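Some notes on the structure that comes next.
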Amino acid sequence: MLDDLKQLEGGWPERVILMQQNWIGKSEGAKVRFAVAGAAGAGPIEIFTTRIDTIYGATAIILAPAHPLVTKLLEGSPTRAETEPKLAKMRQTSVKTEDLATMEKEGFFTGRYAINPFNDEKIPIWVGNFVLMEYGTGAIMAVPAHDQRDLEFCQKYKLPVRVVVQPLEGELAPDAMDTAFDEHMQGKLVNSGPFNGLSPIEAIPKMAAFAEQKGFGKAETIYRLRDWGISRQRYWGTPIPVIYCPKDGMVPVSDKDLPVLLPPNPRLTGEGESPLAGTPEFVNTTCPKCGGPARRETDTMDTFVDSSWYFYRYCDPRNDKVPYDSAKVAYWFPIDQYIGGITHAILHLLYSRFWCKVMRDLGLVKHDEPIARLFTQGMVQKGGVAMSKSRGNVVGAEEMAQKYGADTGRLYTLFAAPPEKDLEWSEESIEGSWRFLNRVYRLIERHANAVLAVKDGKVDAAAASLKERTLLRKVHQTLRRVTSDFETRWHFNSAIALIMELTNDIYAQEPLEQGVRPEVRKEVLELLTLMLAPMTPHLAEELWEMMGHTEGLWKARWPSFNQKLAREDEVEIPVQVNGRVRGKVKVPPGSTEPEVVRVALLLPAVAQHINGKRVVRQIYVPDKMLNLVVA
RNA sequence: GCCCGGGUGGCGGAAUGGCAGACGCUGAGGACUUAAAAUCCUCCGGGGAUUUUUCCUCAUGUGGGUUCGACUCCCACCCCGGGCACCA
């Protein structure tokens, strides 16, 4: 899963890839076994370290309170009487993950010693609250000179500090350290027997190999990622198709009896075991093997199981034989574009990737990754609280639909922020979207009859009046830019801004009855409606019908813009002198540099700023910009 | 501590090295109305000059750099948000 993240680069947001990388948490290091001195039956203790090169500097072994060896070590220990209560307290204190980082380091000496296999040194075995049973082996070697946490712990409990890596410049004083020296890229090993003089980078593989050769350790890679326990004590979930028989043990439900369905009338008490356990007609069954009485598994699967592969079914939703036809999935997959909240960055999207690997290994799918491109859209917030499935609607959708209609809500969410950004809901701003849609409605309502009367929709552009040309140009320019905002950039907010601008421009040309033929009005208003349709489908459908269409707009294709009509008669080019705008000239598009310069020099403001100085350079970006550099 | 984002008017935001502030919200003034709602029109970053017109100047977190030209690219710093976190 880690390696295949590379396949997602470019298609997935970088931060999601990084979050998954961190979550998987690959860590390369070594495991080393320390024998326990004198205690029969206890040990050895296996520790995990990424810095085996510092092992000569280990001055203690520290175990997690939950480590299984702790109890054994304490048995018959001289200090048992005082340490056992401490252990009990440590095990009892439930530590919140958030507090871990700031929590005071606590520990106690077990009274036992371990033998460092590298130098046969006897070092004390401690128990420390900062060592986690869930990570690595639940036991560490404390190297105070080269690990900040170990340094703090050892200084607190007066354990010795021994420097085993000296920096290339300066020398560390073990008794006066307040910051551990943990740079592994630089330094030379000291006090490390045969490994003296090596750099940590050289020493790490050598010392791991040495440990393996001597049989007390080896290089190993561990992961932070934990097992996924998929069972839940819930009703809503997929039943786990397993039967427990007193004679045959755990037996899978036979294929012909799949799927196992949830009982329709569960007793939901909110107490005790899974709701299914309280439903005898579900629980009691017969063993598929021996036919004798047996019980069903009553836990259900985590809903993440379903969300990890539901999308395959979309390729073949009516298949009643198998979940999907492989050929269909092979055709459609991987998913070209997946859209979801950033909240799914690790759980759902990691499980889905995992599930895909399992299916691939079972031969059920052919691809390595289920989702080629991922877009994480922002969340709607109100007062900093995100609107989501788990938190609920912070904005009343019903209420809003009642007041403004669903289309206004859609338009507003798209308009107020770019799609990848979180959006702070504003009751005031939504009014603007509502007003805009009303403006569009009134406009089309006003011209509906004229448009309806148009028989032949063909627009004769050559015969267009000035007013008509202005309108046609604007609408095709808008269409060109909206198309690009939709297709290549997903900038719905700026696309809407363009459509608003177009609407404003059409209003500015009112009354259209004067000088704008009905077929031109039809063209302009239909394109306006088509552009709005993806965002306000209900309204657009109604407007479409008002303009005489009997077939639904949803069947219409996205229009293509007319290059010729979109072209400007003249372009306004800012004229800069030394990079500052001093005037503007209007020229036909495609004018040559000398032509533009000639007109530009006629501008009084430009002439004034040149003021006798020599133009040493001129930069002309066709139809965009002219910059005259004077010295 | 490590790793990512992001800082533009009163607010949401626009500007893919080429006129900073499009579009919208808020606010102010006006038209229509007996009145209100709705609608329509005008203005709306700071400072300065100016009689209207208009012009100059500063301004995209701060300071440098690259460039004819920087919100945009590069370097350093500050602040905010997010992810992971005694991970050995």
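Predicted model, so just to flag it, every value in this text is computed and none were measured. Residue numbering restarts at 1 for every chain, and letters A, B, ... go by the order of the sequence lines.
With a glycosidic angle more than 90° from 0, B:rG82 adopts the anti conformation.
In this structure, A:His609 reaches the sugar-phosphate backbone alone: every heavy-atom distance under 4.0 Å involves primed, P, OP1 or OP2 atoms, never a base. At a threshold of 4.0 angstrom between heavy atoms, the contacts of A:Ser429 are confined to the sugar-phosphate backbone, with no base atom among them. Heavy atoms of A:Val621 sit under 4.0 angstrom from at least one base atom. Note on A:Ile619: a base of the nucleic acid sits closer than 4.0 angstrom, heavy atoms only.
Set against B:rU57, B:rC84, B:rA88, the side chain of A:Arg582 has B:rU57 as its closest nucleotide. Closest to the side chain of A:Arg439, from the set B:rG83, B:rC40, B:rC87, is B:rC40. Which of B:rA14, B:rA85, B:rU39 sits closest to the side chain of A:Pro418 comes down to B:rA14. Minimum atom distance to the side chain of A:Lys584 is reached by B:rC19, of the listed B:rC19, B:rA14, B:rC87. Nearest to the side-chain atoms of A:Phe415 among the listed nucleotides B:rC84, B:rG13, B:rC23 stands B:rC23. The side chain of A:Glu14 sits closest to B:rC4 out of B:rG18, B:rG13, B:rC4. The nucleotide whose nearest atom lies closest to any side-chain atom of A:Thr50 is, among B:rG18, B:rC4, B:rA88, B:rA88. In this structure, of B:rC3, B:rC19, B:rA88, it is B:rC19 that holds the atom nearest to the side chain of A:Pro574. Of the candidate nucleotides B:rC84, B:rC68, B:rC4, B:rC68 has the atom lying nearest to any side-chain atom of A:Asn627. When the nucleotides B:rC4, B:rU26, B:rG13 are ranked by their closest atom to the side chain of A:Glu428, B:rU26 comes out on top.
You won't find any donor-acceptor pair under 3.5 Å spanning the side chain of A:Asn22 and the base of B:rC84, going by distance alone.
Close placement of the A:Phe153 and A:Trp126 rings is indicated, their centers lying within 6.0 Å of each other. Less than 6.0 angstrom separates the ring centroid of A:Phe195 from the ring centroid of A:Phe210.
In the model, A:Glu593 has a side-chain atom that pairs as donor or acceptor with a side-chain atom of A:Gln618 under 3.5 Å. Side-chain contact check for A:His609 and A:Gln576: no donor-acceptor pair (N or O, by modelled atom type) lies under 3.5 Å. In this structure, a donor-acceptor pair under 3.5 Å is present between the side chains of A:Tyr404 and A:Glu431. A donor atom on one side chain and an acceptor atom on the other are found under 3.5 Å apart for A:Arg439 and A:Asn504.
Rounded to an integer number of Å, the gap from A:Met625 CE to B:rC19 C1' is 6 Å. Computed from coordinates, the A:Tyr135 OH to B:rA85 P distance equals 11 Å when rounded to whole Å. Rounded to an integer number of Å, the gap from A:Asn578 CG to B:rU67 C1' is 13 Å. B:rG12 atom C1' lies 14 Å from atom CG of A:Leu414, rounded to whole Å.
Between A:Asp150 and A:Lys624, the one whose closest nucleotide on RNA chain B sits nearer the 5' end is A:Lys624. Toward the 5′ end of RNA chain B lies the nearest nucleotide of A:Asp422, the other residue of the pair A:Asp422 and A:Gly432 mapping further downstream.
Across the C1' atoms, B:rA22 and B:rC32 are found 30 Å apart, a figure rounded to whole Å. B:rG13 sits 31 Å from B:rC84 when the C1' atoms are compared, rounded to a whole Å. When the P atom is compared between B:rU72 and B:rG63, the two are found 13 Å apart, to the nearest whole Å. A gap of 34 Å separates the C1' atoms of B:rC68 and B:rC79, to the nearest Å. Here, B:rG48 and B:rA15 have their P atoms 33 Å apart, quoted to the whole Å. As rounded to the nearest Å, B:rU60 and B:rC19 have C1' atoms that lie 15 Å from one another. Spacing of C1' atoms, B:rC44 relative to B:rU62, comes out at 28 Å, to the nearest Å. Spacing between B:rC86 and B:rC80 at atom P, rounded to whole Å, works out to 24 Å.
Listed pair A:Asn504 / B:rC23 fails the phosphate criterion, with no side-chain N or O lying under 4.0 Å from OP1 or OP2. Of the side-chain N and O atoms in A:Arg489, one or more sit less than 4.0 angstrom from OP1 or OP2 of B:rU16. Between A:Arg435 and B:rU26 there is a side-chain N or O to OP1 or OP2 distance below 4.0 Å. Considering only side-chain N and O atoms, A:Ser27 lies under 4.0 angstrom from the phosphate OP1 or OP2 of B:rA88. Taking 4.0 angstrom as the limit, A:His491 places a side-chain polar atom (N or O) nearer than this to OP1 or OP2 of B:rA15. For the pair A:Arg580 and B:rC68, the criterion of a side-chain N or O lying under 4.0 Å from OP1 or OP2 is not met. Dashed line: the shortest gap from a side-chain N or O of A:Arg617 to OP1 or OP2 of B:rC68 is under 4.0 Å.
Taking a 6.0 Å sphere around CZ of A:Phe354, one finds it holds 12 or fewer heavy atoms contributed by other residues, nucleotides or ligands. Within a 6.0 Å radius of NZ in A:Lys467, more than 12 heavy atoms belonging to other residues, nucleotides or ligands are found.
Across all strands shown, B:rC2 forms a Watson-Crick or G-U wobble pair, both distances under 3.5 Å, with B:rG83. Within the shown strands, B:rG10 is the pairing partner of B:rC25 under the Watson-Crick or G-U definition, both distances less than 3.5 Å. In this entry B:rC55 has B:rG48 as its Watson-Crick or G-U wobble partner, both defining distances falling under 3.5 Å. Summarising the base pairing, B:rC73 is matched to B:rG65 through a Watson-Crick or G-U wobble pair whose two defining distances lie under 3.5 Å.
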